[in-house]
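To keep things clear, I will list the structure first and then write my remarks on it.
All values below were derived from every heavy atom in this structure, side-chain atoms included, with hydrogens, water molecules and symmetry-related copies excluded.
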Amino acid sequence: MSGSSKSSFNKWINGVRALFGRGRGASNKSTAETPDSTGFAFELGGAHIVFGMNWVPGKADQVRGAHEQARNSGMRSTVRVGDLLGFSMENTHVKGAKKPSLSGALVLADGASAGDSEIFVFGLPDGQYSLVALQDSMPVPGFDLVGDLGTIKSAANNYLRLPHRTTVRQCGSRDVLDEAEYFNLETVLGDSDYVEARLKKIGDRAKIIRVALIVLAIAGSLGGGYVYMENQKRLAEQERLAREGDPELLYERSFAEAQKKIGLMGVEGLQAMLTTAQRIPLIIGGWTLSQVKCNFKTCTATWTRRYGSYTDFEADIPADVKVKPNYGVAGKPDKSPDLETVYSVDSPEKVKTLSELRGSFPLKSLAQMDFGSRLQDYGLVKVTTSMGDVSLFGNAEGVEVAGVFRPVLAGAWSASGELWQLDSFQIPDYAVVESLQILNIGPFDKKALPTYTMSGQYFVKGKNFK
């Protein structure tokens with residue numbers, strides 16, 4: 001939260017304290033956000049070594065569909081080992097390299113693995129580090145990573161915390177693994193061609209279909225236009241049905257619709273709601289502000305009558321009220337009725353959408369450790385928090401994470417406490433506040449401080465993607 005925003009918030013809080021004689025202060029700590037890892041490729045021993053590949057199930061009946069989805073997602077090359085498929089945006093051959101591109105994970109699996117559970121970490125050019133986890137000499141999906149020192153340390157610790165049948169063998173850089181055994185990747189590479197580790201080009205089925213249509217057109221012009229037109233219609237219908245049944249297409253459509261319902265991410269979303277709440281006066285014409293409830297579009301203020309009339313309220317109503325209150329009285333007029341006014345929540349013009357932040361979301365284990373630690377810290381000052389498990393975001397019916405190349409998972413979180421704590425509440429960029437409610441603002445219980453409750457979602461990658 002910026003200095004000016006925090007000052008404005010404190011002024012609003014102090015107004016509540018001055019009016020109703022309450023308040024106290026404290027500060028909370030927050031943990032650093034976990035950076036995202038990126039892919040990396042470099043030349044070694046005449047070969048182009050590729051790390052940071054995406055590994056997915058690759059049984060015989062899944063290969064064709066997986067290749068189609070990978071190509072549509074920008075992948076250029078693939079490699080298959082057992083029932084796993086690896087995909088990369090790197091080319092199968094790089095200009096100037098003497099040998100074809102190789103999967104670094106499979107080079108280690110073939111030339112350095114001893115079986116059981118293993119983890120390899122070593123330094124790369126430009127201050128990057130790679131991490132490869134193997135289980136029974138096979139890559140572990142989600143643990144073929146490249147990133148800076150902090151990212152790789154976190155990923156290595158997460159892997160070592162997983163349950164393993166045996167002690168995990170640790171190899172490579174002691175910058176990350178204190179007890180790692182030394183090994184040299186160039187020595188491991190040696191003179192072998194590593195045929196199984198070579199990346200292969202992903203075939204373009206659409207191009208094959210276009211060539212087939214050209215052949216059919218020629219055949220149709222020679223043998224009869226009717227046959228050609230019927231075949232063209234049949235192929236077009238088949239392509240349409242395949243496209244509409246594609247889980248990648250179905251998910252992306254669902255994702256695009258779901259993200260429209262998400263407001264500003266991170267602390268900016270909370271700040272937009274708080275800024276709106278701060279401009280609401282505490283008393284209008286004898287009516288006291290009792291609560292404020294916000295979503296990313298509007299804030300609704302509830303007013304309770306102390307001594308003023310509807311006319312008094314109307315005379316002093318702020319100009320920025322979006323919806324004028326309904327002055328109808330239900331029941332006896334001597335009761336103390338409530339009024340509601342609605343204010344628009346203003347958002348910055350240039351903000352990143354959920355789709356734009358998608359590639360920077362952490363994996364589930366890192367997010368739950370990072371954001372979960374923050375919520376635990378707030379519990380030390382009597383903030384009640386919760387953090388639920390994640391599921392596929394977007395509600396794409398019948399679509400599973402394994403069938404999507406860039407899946408986003410979402411889980412619910414919430415926090416509630418006394419209002420003075422809210423100015424120091426830190427929310428990571430991969431989380432969003434969907435509802436904020438500030439309660440007990442008016443002087444109805446002299447012993448109680450104003451409180452807040454808020455809830456929202458946090459987002460993680462279902463797979464390691466860019």
Side-chain angles (χ1 to χ4, degrees), residues 1 4-25 263 269-347 383-384 414-425 433-455:
M1 189 178 294
S4 62
S5 298
K6 182 174 284 189
S7 174
S8 177
F9 178 81
N10 288 335
K11 185 181 294 184
W12 194 71
I13 291 293
N14 290 334
V16 176
R17 294 173 182 160
L19 189 63
F20 305 124
R22 338 170 180 162
R24 62 182 184 226
L270 174 60
Q271 181 57 47
M273 297 179 191
L274 286 177
T275 299
T276 304
Q278 290 164 25
R279 72 172 190 254
I280 302 174
L282 299 174
I283 292 179
I284 295 180
W287 297 70
T288 301
L289 180 65
S290 58
Q291 72 171 24
V292 179
K293 187 172 183 179
C294 300
N295 56 41
F296 75 95
K297 291 184 178 180
T298 60
C299 281
T300 300
T302 300
W303 306 86
T304 298
R305 178 178 176 272
R306 296 179 67 190
Y307 57 82
S309 65
Y310 291 137
T311 302
D312 296 329
F313 189 89
E314 179 69 26
D316 291 335
I317 193 168
D320 60 345
V321 171
K322 183 179 179 182
V323 179
K324 290 294 184 71
N326 181 359
Y327 292 110
V329 178
K332 296 181 179 179
D334 59 342
K335 299 275 184 172
S336 294
D338 288 342
L339 294 177
E340 288 185 348
T341 54
V342 180
Y343 299 75
S344 295
V345 174
D346 296 327
S347 301
V383 176
T384 302
S414 65
S416 59
E418 295 176 352
L419 184 59
W420 59 267
Q421 302 163 326
L422 194 55
D423 62 337
S424 59
F425 204 103
V433 178
E434 295 178 307
S435 174
L436 169 67
Q437 191 169 12
I438 302 173
L439 304 167
N440 199 39
I441 300 175
F444 307 112
D445 184 350
K446 295 291 186 180
K447 297 180 181 179
L449 289 168
T451 60
Y452 75 89
T453 178
M454 61 179 169
S455 61

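Atom CG of D312 is separated from atom CD1 of I284 by 11.5 Å, given to the nearest 0.5 angstrom. To the nearest 0.5 angstrom, I280 atom CD1 is 7.5 Å from I441 atom CD1. The CG atom of D338 sits 10.5 Å away from the OG1 atom of T288 when rounded to the nearest 0.5 Å. Going from atom CG of L274 over to atom SG of C294 covers 8.0 Å, rounded to the nearest 0.5 Å. The structure places CZ of F313 at 12.0 Å from CD1 of I283, a figure rounded to the nearest 0.5 Å.
The minimum heavy-atom distance between A277 and I438, with the atom names listed, is CB-CD1, 4.3 Å. Of all heavy-atom pairs spanning M273 and V345, the tightest one is N-CG1, 4.2 Å. A415 and V383 make their closest contact through CB-CG1, 4.2 Å (heavy atoms, listed as atom of the first residue, atom of the second, distance). Between A301 and L289, the shortest heavy-atom contact is CB-CD1, 3.7 Å.
N440 contributes a side-chain N or O that, together with a main-chain N or O of L449, makes up a donor-acceptor pair within less than 3.5 Å. Side chain of S290 to main chain of T302: a donor-acceptor pair is present (N/O by atom type, distance under 3.5 Å, no hydrogens or angles).
With C299 as reference, V292 is the one residue of L436, V292, V342 to meet the side-chain contact (heavy atoms from CB on, under 4.5 Å) rule.
Put simply, the side chain of Q421 reaches to within 4.5 Å of the side chain of Y452, judged on heavy atoms. Contact annotation: the side chain of D346 never approaches that of T275 to less than 4.5 Å [non-hydrogen atoms, C-beta and beyond]. Residues P318 and T341 have side chains not in contact (no heavy-atom distance under 4.5 Å, counting atoms from C-beta outward). Within the 4.5 Å cutoff, side-chain heavy atoms of Y343 are placed close to those of V321.
Between Y310 and W287, the gap from one ring centroid to the other is short of 6.0 Å.
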